[in-house]
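First listed ligand is number 1; within each ligand, the first listed atom is number 1.
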Amino acid sequence: MKIVIAPDSFKESLSAMQVATAIQQGFCEIYPDAEYIKLPMADGGEGTVTSMVEATGGQYLKQIVTGPLGEPVEGYWGLMGDGKTAVIEMAAASGLHYVSPELRNPLLTTSQGTGELVLAALDMGIEHIILGIGGSATNDGGAGMMQALGVQFKDAQGNVLNVGGGALCNLTDIDVSRLDPRLAGVSITVACDVNNPLCGPSGASAIFGPQKGATPEMVKTLDAALFSYGSLIEKVTGNSVLNAAGAGAAGGMGAALLGLLNAELKPGIDIVIKALGLDNLVKSADLVITGEGRIDSQSIHGKTPIGVARSAKRFNKPVIALAGGLTADHQVVHTHGLDAVFSVLTRVGTLPEALQEAENNLRITARNIASIWRMAQMSSENK
Ligand SMILES: O=C(O)[C@H](O)CO
């Protein structure tokens, strides 16, 4: 029996490889002799560099950059096996995991560090950038990143804006004349973890603002700020961003990349699936297992489990997903290729307890799924 295990990370708890290993351990208790293929996946958010570097035999590079609250953090990026392509994930510089829950405030957080990672890659003379966006602590429309790359955002008095999503309320002018000229010679592909638009009820602020610490009042302020930011980008560049799919990824960073850098936005999971050759591996599998920290109705907008399911369903393979948590509205995922989904929680506890127990709970749940799988196999053999 061949089992492909292709999960995302469980954010703030386990890396994608740790998740895959825990699932394998559980399955091995029932199927010790099965062939297991573990593929740590990512969708543009945290883990994208690891997946792409490992898949292409590239290398990791460390870089001290400005974190979401202005503090120095040790970020990283990857040089892919071809030696010409940089793979950068914005979460490695501006990710939510850098800000503890009580300090989360998307009015103030900046994506500047992501721009600094891009500068580090340009310094190495790369020709192409794959920029994974998602998992951010920011809602600044990627303005911080663009500031690091030389763009100036100004208010009506001609003053350069402060950093953070809240400051964009005062934006009246975007000056691109000092944009780093090296960017003109580099192609940028953006791996978006979601396809949400910039603004509105399914936009960056409304959907992802709360997890970054936005109160309902802040969501309104941030949404209005991103609307005037997007409108101004359209006016200055002539590029449409307000209605573009993915412009709302990573707190609106998609809009800056599309509008100000003419980058191409793609579903991140498709880029990772291609680099890892997932289609070829699932083709001959008996079972495909995926997972993510949380599975909800938003998962269908480009998250890893659905991308993996799409790949598996091309070859009509069964797909099971394991999640730390399932929301009440998660069932829509069944119409997108996930045959069965399981929450791994084994008891009622606190969130920190759930994060801490995730590895063991994954193993236990995987063991039980394997046991049901074997019972089903035995009963069909006995018919
Ligand atoms: O960073 C975020 O806002 C989410 O991951 C969606 O991109």
Can you tell me if CG on Asn382 sees more than 12 non-hydrogen neighbours from other groups inside 6.0 Å? yes
Counting only heavy atoms from other residues, nucleotides and ligands, does the tally under 6.0 Å from CZ of Phe227 exceed 12? no
Any pair counted as salt bridge (charged side-chain N to carboxylate O under 4.0 Å, His left out), so long as it reaches residues 108-137, sequence neighbours left out: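 Non-adjacent pairs meeting salt bridge (charged side-chain N to carboxylate O under 4.0 Å, His left out): Asp123-Arg182.
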Pairwise salt bridge (charged side-chain N to carboxylate O under 4.0 Å, His left out) hits with a residue in residues 274-286, at least two apart: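 Sorted pair list: Asp279-Arg314.
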Residue pairs, two or more places apart or on separate chains, that pass side-chain hydrogen bond (donor to acceptor under 3.5 Å, both in side chains) and touch residues 241-268: Asn239-Asn262
Taking Gly307's backbone N and O only, do any of them form a donor-acceptor pair with Ser311's side chain (distance below 3.5 Å, no angle check)? no
Just to be sure I understand the cut-off, which residues have at least one non-hydrogen atom under 4.0 angstrom from an atom of ligand 1? Gly134, Gly135, Ser136, Asp193, Val194, Phe208, Lys212, Ala249, Ala250, Gly251
